Amino acid sequence: MSNDKPVRVRFAPSPTGYLHVGGARTALYDFLYAKKYNGTFVLRIEDTDVERSTEEALKMQIQDLSWLGLKWDEGVDPVTLEDMGPYGPYRQSQRKSIYDKYAQQLLEKGNAYYCFLSDEEIDAQREQAKKEGRPPQVNSPYKDWDLEKALEHKKTSEVKPVIRFKTPDVKKDYLLNDLVRGEVRFPSDMVGDFVMIRSNGMPVYNFCCAIDDALMKLTHVFRAEEHLSNTLRQMMIYEALGFDLPQFGHLSIILGEDRQKLSKRHGATSVNEYKERGFLPDAMNNFLALLGWSSPEAQEIMSMDEMSQQFSTERLNSASAVFDETKLKWVNATHLRALPHNELWQLLQPYFDKEGFDLPQDSDWQDKALSLMKTSMETLKDGVELFRPLSKGSFSLSEKASDVLSWEPTKRVFEKWISLLNESDNIDEQGFMNMQNTIKKECEVKGKNLFMPIRVAVIGQPHGAEVKLLVPLMEKSELLERAQTALNSCT
Ligand code: GLU
């Protein structure tokens, strides 16, 4: 399949917005495929839509791809944004002279022509075709003009011409052996003569894409299924220019949980949002890989290395995949809990810093804290609420505690709690449970009359964090101080 030529794959985003999870999946498959076959992964920027493309979006996408660890070998440099590699420029906006050269070639060979139809004439043709139940294809009277005549006309014409590709006169089928979909047959008359270069001189996507994929010597093109309908036009351009066709793989659509195409309506669709919400890049990659691909052993949790070793186009699935956030959280939790604690702490630190938490810096404490807390953590961000009560100075009595503070047995519970604390050292989980039992017996309280006051004495509110996990992580002096504040507020 990929044996004769060195594998070269590309991700070709349009920098018109954030990096969508669907785009990230395409880039991931490119990356895994290149890794597996020791190939080259190219990042090409499709920015011919000058109105919608922005430098900011380009930087954002590069940042997100870099965060995912999908390192490319060629293309736009992730830091300087300069060209990196022998087939540049890698931004389509800088390749205009190349497109012009090939457009010229096609004009000269008679595979393309200047078309002087006005917008009104095109609309009228479409209208007529619609009435007659024909596909709305343009039938240009200029298709058989020779180039000289067209160039002469261009000098005086009011209509600025477009350059159209001339589709074959005789109907034939184009056969695509898609790596995901298998054989796809396109009758040539599915498309009419299509625009290659707009009247303002800007080339269109299908033209640029075909030229670039060929000149950049790409062997495999993985992209979203929505581009399947573009492939016929691109195949025609390849044929006319005598270029070798790469292998195409059109990846399945990603759906939301309601089985509609994944969109903002479903929640987060940008990689960046998942990053902010505390998902790990490797977990994100693992989850995305499984949207349209499966490992031969149906392994679910995989590292990048495992995935690139096992990746193959045979196991790409053409059925649409559902983006299931519950599964993503599970994948993330599994990766997160498997991290060495020092690494996990480093990843949590920015979240803690953002909140201004003051937490112990010693690694034994951090190790112990993570052992206790990580089972309650699905994302890094979950760590914020789990660790908040452990931050020095975080304690205050919440509004919600006022009811508990007025209960008759609360004061007794606080006093007993304080005296037990005074007597104890190094309280572990069991020690705390024992203390709670003692309070239960000696103060003759149970249920919420027992648990809620203790929670108020430790975290300042009657609901929330698991006190038995927090207490072993807190210093006795801190616990005493909090309990005293609570006791002083009893009404
Ligand atoms: N620039 C196109 C997009 O962002 C990519 C098309 C392709 O991969 O051929 O959808």
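Owing to the predicted nature of the structure, the values given are computational and were not obtained by experimental measurement. Whatever order the structure lists ligands and atoms in, that order sets their numbers, starting from 1. As a basis for the values below, the full set of heavy atoms in this structure was taken, side chains included, without hydrogen atoms, waters or symmetry mates.
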Asks: Indicate whether the side chain of Ser252 and that of Arg181 have a donor and an acceptor atom separated by less than 3.5 Å.
Replies: no

Asks: Looking at atom 3 (C) of ligand 1, what's its closest protein heavy atom, distance included?
Replies: His227 NE2, 3.7 Å

Asks: Determine whether the side chain, the backbone, both or neither of Ser14 has a heavy atom under 4.0 Å from any heavy atom of ligand 1.
Replies: both

Asks: Under 4.0 Å from a heavy atom of Glu46: give me the atoms of ligand 1 that qualify, with their elements.
Replies: 1 (N), 2 (C), 5 (C), 6 (C)

Asks: With respect to Cys209, determine whether any N or O atom, backbone or side chain, lies less than 3.5 Å from an N or O atom of ligand 1.
Replies: no

Asks: Any side-chain donor paired with an acceptor under 3.5 Å for Tyr274 and Glu325?
Replies: yes

Asks: Examine the proximity of ligand 1 to Arg10 and report which part, side chain or backbone, both or neither, has a heavy atom under 4.0 Å away.
Replies: side chain

Asks: Side chain, backbone, both or neither: which part of Tyr205 has a heavy atom under 4.0 Å from ligand 1?
Replies: side chain

Asks: Nearest protein heavy-atom contact for atom 5 (C) of ligand 1: which residue, which atom, what distance?
Replies: Ala12 O, 3.2 Å

Asks: Looking only at the side chains, is there a donor atom on one of Asn230 and His227 sitting less than 3.5 Å from an acceptor on the other?
Replies: yes

Asks: Is there a nitrogen or oxygen of Glu226 sitting under 3.5 Å from a nitrogen or oxygen of ligand 1?
Replies: no

Asks: Is it true that Lys130 and Glu132 have a side-chain N and a carboxylate O under 4.0 angstrom from each other?
Replies: no

Asks: Identify the residue among Arg8, Arg10, Gln234, His220 that makes a side-chain hydrogen bond (donor to acceptor under 3.5 Å, both in side chains) with Asp213.
Replies: Arg10

Asks: Using the ring pair (Phe, Tyr, Trp, His ring centres under 6.0 Å) definition, which of the options Phe248, Tyr33, Phe11 pairs with Phe222?
Replies: Tyr33

